[in-house]
Amino acid sequence: MAPAAPKPETLAAFEAAKGFMPLGEGLALYEAAVAAGALGLPLLEVGTYCGRSTILLADAAREAGTVAITVDHHRGSEEQQPGWDYHDPEVVDPEIGLMDTLPTFRRTLHKAGLEEHVIAVVGRSPQVAKAWGGKLGLVFIDGGHTDEHATNDYEGWAPQVADGGLLVIHDVFPDPVDEWTGQAPYRVYLRALASGAFSEVSATESLRVLRRTGQGV
């Protein structure tokens with residue numbers, strides 16, 4: 001059976017959106033979202049940025065009759081601040097001088113025709129996780145790349161992955177040269193496997209898909 005693929009218009013919207021996820025990883029994320037959507041539970045993303053990957057989760061949620069939830073404070077992660085390689089001055093609020101990706105995100109969803117299939121939560125991941133109740137079909141961790149942030153995202157959201165649900169981790173780079181871009185997600189990925197609660201389903205470039213097959217985190 002051929003892997004699930006997004007509609008051409010969804011794929012075009014993904015490729016046109018601001019963001020860093022390559023096409024191959026996006027297709028793997030979409031396939032995971034479709035599989036998780038069969039559980040009938042929400043699909044949650046940590047780390048919205050401008051909505052590039054949200055488009056794929058929203059399309060999969062629409063097909064499954066569920067909803068995509070995306071969590072971000074919209075002030076940018078560490079490597080997106082001024083002076084860093086991933087900084088984009090187009091998403092800086094000129095009035096206060098801080099990053100604000102929320103307006104760009106909203107335009108991205110509007111252009112893709114997917115606004116009604118997404119719940120956008122504006123807040124910091126650990127605080128939102130503490131207030132969250134209910135299981136999730138998929139959790140996609142794509143937030144900050146420090147150990148503190150990646151660990152908080154994992155500890156806050158991995159427990160909410162339902163039995164048979166998927167935990168997806170982005171920017172998993174085993175090479176220590178990638179300390180600032182992928183070592184913290186890599187350590188979280190190793191922790192998930194070592195927990196006995198998750199088993200690996202697939203690896204596509206820096207994207208890892210795990211399924212909950214046991215209890216705990």
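Computed from a prediction, not measured in an experiment: that's the story for all the values here. Only this structure's heavy atoms are used, side chains among them; waters, hydrogens and symmetry mates stay out.
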So, [X] side chain and [Y] main chain: donor-acceptor pair closer than 3.5 Å or not?
X    : Y    : answer
T108 : C50  : yes
E25  : S206 : yes
T66  : L41  : yes

Using a 4.5 Å cut-off on heavy atoms from C-beta on, say whether the side chain of [Y] contacts that of [X].
X    : Y    : result
T10  : R62  : yes
D72  : F105 : no
V71  : E45  : no
V217 : R212 : yes
E31  : V209 : no
L136 : V161 : no
F140 : L44  : no

Side-chain donor-acceptor pairs of residues 117-124 under 3.5 Å, sequence neighbours excluded:
{"from": "R124", "atom 1": "NH1", "to": "H73", "atom 2": "NE2", "distance (Å)": "3.3"}

Exercise. Please list, chain by chain and in numerical order, all residues satisfying side chain to side chain contact (heavy atoms under 4.5 Å, CB included) with R52, sequence neighbours excluded.
Key: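 Applying side chain to side chain contact (heavy atoms under 4.5 Å, CB included) to R52 gives F14, A17, M21.
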
Quiz prompt | side chain to side chain contact (heavy atoms under 4.5 Å, CB included) involving A192 - partner list, sequence neighbours excluded | solution =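 For A192, the residues satisfying side chain to side chain contact (heavy atoms under 4.5 Å, CB included) (neighbours in sequence not counted) are Y154, L167, F198, L210.
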
Return the [atom1] to [atom2] distance between [X] and [Y], rounded to the nearest 0.5 Å.
X    : Y    : atom1 : atom2 : answer
L23  : T204 : CG    : OG1   : 11.0 Å
T213 : D163 : OG1   : CG    : 9.5 Å
I55  : K111 : CD1   : NZ    : 10.0 Å

Determine the minimum heavy-atom distance between [X] and [Y], stating which atoms define it.
X    : Y    : value
G143 : D153 : CA-OD2, 4.0 Å
D175 : Q183 : O-NE2, 3.2 Å
A112 : A13  : CB-CB, 3.8 Å
A184 : A150 : CB-CB, 3.9 Å
A33  : A60  : CB-CB, 3.5 Å
P6   : L11  : CG-CD1, 3.9 Å

Quiz item: Checking salt bridge (Lys or Arg N to Asp or Glu O under 4.0 Å) for the pair R107/E115: CA distance, chi angles, key distance, verdict?
Solution: CA-CA 9 Å; R107 287 192 293 270; E115 285 183 296; over 6 Å; no

Quiz prompt | Verdict with supporting geometry, N152 and S125, side-chain contact (heavy atoms from CB on, under 4.5 Å) | solution = CA-CA 8 Å; N152 284 342; S125 171; 5.9 Å; no

hydrophobic_cluster_shared for [Y] and [X], side chain cutoff 4.5 Å:
X    : Y    : value
V168 : V46  : no
I169 : V201 : no
L27  : Y30  : yes
W132 : V67  : yes
L43  : L166 : yes

Practice problem: Could you please spell out the steps behind the side-chain contact (heavy atoms from CB on, under 4.5 Å) verdict for E200 and Y189? | Solution: CA-CA 10 Å; E200 186 163 322; Y189 157 73; 2.4 Å; yes

Quiz item: Distance only, no hydrogens: is a donor on one side chain within 3.5 Å (strictly under) of an acceptor on the other, for T54 and T48?
Solution: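 No, because no side-chain N or O of T54 sits under 3.5 Å from a partner of the opposite role on T48.
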
Quiz item: So among H145, H149, H170, which one has a side-chain contact (heavy atoms from CB on, under 4.5 Å) with P185?
Solution: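 In the set H145, H149, H170, the residue that makes a side-chain contact (heavy atoms from CB on, under 4.5 Å) with P185 is H145.
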
Quiz item: Hey, mind stepping through E63 and V34 against side-chain contact (heavy atoms from CB on, under 4.5 Å) and telling me if it holds?
Solution: CA-CA 8 Å; E63 294 299 306; V34 169; 5.9 Å; no

